[in-house]
Amino acid sequence: MKIKLGSKIGLTYLLILFSAMAVLGYLIISDIKQSFIGERKNVLFSYANIIAEKAAPYLHEQNTAYINFLAEDFGENIGHRILILDTAGTIIGDSSGASRGQHLSTPVVTASLQGESSAQTNYYPEYGNLLYLAVPVASSQQIIGAVFISADINDIQTRLNQTRNRLLAAALASGILAILLSLPLARIIITVPIGKLTRAAQKMSAGEYGYQVQIKSRDELEQLANSFNEMSEKIRQEDDIRRQFIANASHELKSPVAALKVLVESLLIKHPESKEETREFLFDIDGQLDRLSRLVNDLLLLSKIEKNTVSLNLEPVAIGQLLTEVKDNLLPLAANKEIEIKVKVQENITWPADREMLYRAVYNLADNAIKFSSLNKQVLLNCNVNKNILVISVFDQGMGISPEHLEKIFDRFYRVNKARERTTGGTGLGLAIVKEIITLHGGTVSAKSVPAHGSEFLITLPDPKQMS
Ligand SMILES: Nc1ncnc2c1ncn2[C@@H]1O[C@H](COP(=O)(O)OP(=O)(O)OP(=O)(O)O)[C@@H](O)[C@H]1O
Ligand SMILES: [Mg+2]
């Protein structure tokens with residue numbers, strides 16, 4: 001069964017309200033009862049004391065007729081039954097006249113014959129609530145008897161019942177008010193905003209990424225809505241990036257495939273006459289296939305890193321050797337532009353890293369340095385260790401990168417000059433791969449550049465032993 005949140009809260013409030021009212025009511029009623037009875041006791045004690053004072057001389061003389069008259073007279077005046085007893089507990093005067101000569105030994109009488117005034121409430125089914133009280137009668141410091149009053153206090157109970165009924169009515173009225181107020185209030189405060197959030201979540205799961213929900217309640221629900229909005233916006237951005245990535249990837253794949261198709265079709269239609277001509281076609285096809293396979297490999301590596309399916313194969317890597325290897329492999333490319341590559345490594349540094357991955361990262365940077373430099377320039381591969389951090393830098397004296405592009409060059413497929421760089425064979429994935437590889441190692445990669453003067457790319461790798 002589904003119970004609405006608003007109803008749950010309303011019912012809880014009601015329960016709390018009724019429990020509080022019940023405890024409060026009980027305390028109030030017992031307090032009133034005590035004070036009513038106390039007041040009644042005080043009045044009756046003073047009557048009893050007056051009677052005791054009046055009765056003392058006659059009790060001393062054993063004037064039973066007058067004692068009885070006293071009991072009857074006071075009894076009529078105050079409207080309660082009055083008994084006057086001697087020290088043996090024998091009733092000498094009785095306002096009702098019914099029990100004269102009989103013996104009475106209720107606890108209050110026994111106490112009063114020992115000199116103590118006391119009172120006691122009793123309940124009898126046929127009479128209801130009765131208050132018994134007795135005071136000693138003394139003459140010359142001696143107890144010579146007792147005055148006993150039995151008072152009907154059912155009126156107090158009646159008044160208490162009235163008060164209780166009023167409290168009950170008040171509780172009921174406030175309960176109804178609480179329901180009437182709390183249900184719509186809970187609806188406004190809780191049900192409506194949660195409904196909004198639920199609808200927003202449904203819209204998101206239906207693919208409406210970036211959907212924003214408006215809740216201005218200045219409470220936790222507004223906080224939740226803000227977090228939801230942030231999440232929604234992030235998912236939208238991620239989705240945009242993913243779509244853009246797919247669009248870019250397909251676009252990049254299209255051109256070598258289209259070129260291959262043209263080349264192969266030309267081969268088929270033209271039937272080249274000479275072997276030389278056929279070789280030329282095959283050479284072009286081979287170039288396009290290279291480009292295609294490089295692109296596919298880059299995409300596969302990126303997606304592997306993204307899916308966290310790559311685990312680093314950490315081993316001590318001789319960094320000087322690695323940089324020299326990069327240099328050697330790039331020598332033909334550099335020679336084409338008469339570019340000199342220099343390697344400068346501080347001592348014999350070995351550093352824990354995934355060799356193949358680190359090679360790839362440095363290679364990509366050095367490849368860029370050569371690609372984006374003009375003839376007769378220098379490329380520098382440096383490495384040193386600074387405060388337990390390995391720093392590899394790649395300098396060039398090339399065309400540089402202007403600040404507005406600098407922050408985007410690590411994005412996938414980003415190229416400063418798309419038209420030109422496509423002719424250099426680049427797809428704009430090189431730096432994205434560098435960034436992923438270095439991030440995977442827990443390091444950073446950054447770039448500084450002065451347009452027309454050159455660039456510096458900086459890799460930092462923390463020592464994994466220090467990190468853990
Ligand atoms: N050393 C550099 N000097 C000037 N511009 C650079 C340099 N390195 C990178 N860039 C700019 O940043 C862009 C992105 O570089 P990246 O290595 O990601 O792609 P690419 O070299 O064009 O292609 P790929 O590396 O996939 O072959 C380059 O296209 C270029 O515009
Ligand atoms: Mg590159």
Side-chain angles (χ1 to χ4, degrees), residues 241 244-245 247-256 259 287-306 323 326-327 329-330 332-334 336-337 339-343 357-382 392-440 444-459:
I241 291 171
Q244 196 57 48
F245 178 74
N248 283 333
S250 352
H251 186 79
E252 293 298 331
L253 286 167
K254 222 168 87 182
S255 45
Q288 290 300 337
L289 282 174
D290 270 352
R291 183 171 152 78
L292 202 59
S293 103
R294 223 161 53 86
L295 182 62
V296 169
N297 282 338
D298 283 356
L299 285 173
L300 277 177
L301 179 67
L302 274 174
S303 98
K304 260 203 235 164
I305 294 178
E306 191 164 66
L323 296 194
V326 169
K327 172 188 158 177
N329 281 327
L330 281 169
L333 194 68
N336 279 343
K337 296 168 101 175
I339 287 173
E340 185 189 3
I341 309 176
K342 280 188 177 169
V343 172
M357 293 260 202
L358 188 62
Y359 175 86
R360 181 116 187 221
V362 179
Y363 181 94
N364 282 3
L365 293 183
D367 174 56
N368 282 350
I370 297 166
K371 243 177 18 187
F372 300 109
S373 294
S374 45
L375 297 179
N376 286 317
K377 302 286 182 188
Q378 272 195 348
V379 168
L380 241 68
L381 309 180
N382 279 1
I392 300 176
S393 49
V394 178
F395 289 96
D396 67 57
Q397 301 167 328
M399 59 203 287
I401 306 156
S402 57
E404 76 263 28
H405 295 297
L406 203 56
E407 56 194 45
K408 296 188 196 139
I409 51 171
F410 290 98
D411 292 352
R412 289 165 190 192
F413 295 112
Y414 192 82
R415 283 165 303 198
V416 173
N417 185 336
K418 291 212 154 81
R420 194 172 71 186
E421 271 133 38
R422 200 161 289 156
T423 62
T424 65
T427 53
L429 287 177
L431 288 179
I433 289 173
V434 173
K435 185 163 184 183
E436 296 285 0
I437 288 175
I438 300 305
T439 310
L440 209 60
T444 64
V445 54
S446 57
K448 283 188 273 186
S449 184
V450 180
H453 281 88
S455 315
E456 176 189 0
F457 283 78
L458 219 67
I459 289 176

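Read the numbers this way: they start at 1 and go in the same order the structure lists the ligands and their atoms. Starting from 1, each residue takes its place in the sequence as its number. None of these values were measured; they are calculated from a predicted model.
Within the listing of ligand 1, atoms 22 (O), 29 (O) sit less than 4.0 angstrom from a heavy atom of R415. Atoms of ligand 1 found under 4.0 Å from any heavy atom of G400, numbered from 1 in the order shown, are 4 (C). Atoms of ligand 1 found under 4.0 Å from any heavy atom of F457, numbered from 1 in the order shown, are 1 (N), 8 (N). For ligand 1, the atoms closer than 4.0 angstrom to any heavy atom of Y414 are 13 (C), 14 (C). Ligand-side atoms of ligand 1 in range of R294: 27 (O), range being under 4.0 angstrom from any heavy atom.
Checking side-chain atoms of R291 against main-chain N and O of P256 turns up no donor-acceptor pair under 3.5 Å. Formation of a donor-acceptor pair under 3.5 Å by the S449 side chain with backbone atoms of G400 is not found in this model. Judged by distance alone, the side chain of N297 and the main-chain N or O of S293 form a donor-acceptor pair under 3.5 Å.
Taking 2.8 Å as the limit, the number of protein N, O or S atoms around the Mg ion (ligand 2) is 1.
Annotation: F395 is not in aromatic contact with F457 [ring centroid separation under 6.0 Å not met].
Ion pair D290/R294 not flagged as a salt bridge, since none of the NZ, NE, NH1 or NH2 atoms sits closer than 4.0 Å to an Asp/Glu carboxylate oxygen. Contact check on E407 versus K448 returns no salt bridge, with no Lys/Arg side-chain nitrogen under 4.0 Å from an Asp/Glu carboxylate oxygen.
Neither the backbone nor the side chain of F410 comes within 4.0 Å of ligand 1, counting heavy atoms alone. At a heavy-atom cutoff of 4.0 Å, ligand 1 is contacted by the side chain of D396 but not by its backbone. Of all the heavy atoms of I401, the ones lying under 4.0 Å from any atom of ligand 1 belong exclusively to the side chain.
Pairs passing the side chain to side chain donor-acceptor pair (under 3.5 Å) check and including a residue from residues 372-382, sequence neighbours excluded, read E340-Q378.
Any N or O atom pair closer than 3.5 Å counts here, and A432 shares no such pair with ligand 1. At under 3.5 Å, a nitrogen or oxygen of K371, whether backbone or side chain, sits near a nitrogen or oxygen of ligand 1. Between D298 and ligand 1, a contact under 3.5 Å exists for no N or O pair. Here's the thing with M399: none of its N/O atoms is less than 3.5 angstrom from an N/O atom of ligand 1.
Here atom 27 (O) of ligand 1 lies nearest to G426 when heavy atoms of S455, A369, G398, G426 are compared.
The closest approach between a heavy atom of L429 and any atom of ligand 1 is below 4.0 Å. Residue contact check for ligand 1: H405 places no non-hydrogen atom closer than 4.0 Å to it.
Partners of E306 under the salt bridge (charged side-chain N to carboxylate O under 4.0 Å, His left out) rule, at least two apart in sequence or in another chain, are R412. A334 meets the side-chain contact (heavy atoms from CB on, under 4.5 Å) test with I339, I341, I370; sequence neighbours excluded.
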Could you walk me through whether F372 and D396 pass side chain to side chain contact (heavy atoms under 4.5 Å, CB included), step by step?
-> CA-CA 9 Å; F372 300 109; D396 67 57; 5.8 Å; no
Would Y363 and N368 satisfy side chain to side chain donor-acceptor pair (under 3.5 Å), going step by step from the backbone distance to the final call?
-> CA-CA 8 Å; Y363 181 94; N368 282 350; over 6 Å; no
Show the numbers, then the answer: is there a side chain to side chain contact (heavy atoms under 4.5 Å, CB included) between L429 and L302?
-> CA-CA 9 Å; L429 287 177; L302 274 174; 3.6 Å; yes
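Evaluated for a side-chain contact (heavy atoms from CB on, under 4.5 Å) with R360, the options V434, L301, L365 yield exactly one hit, L301.
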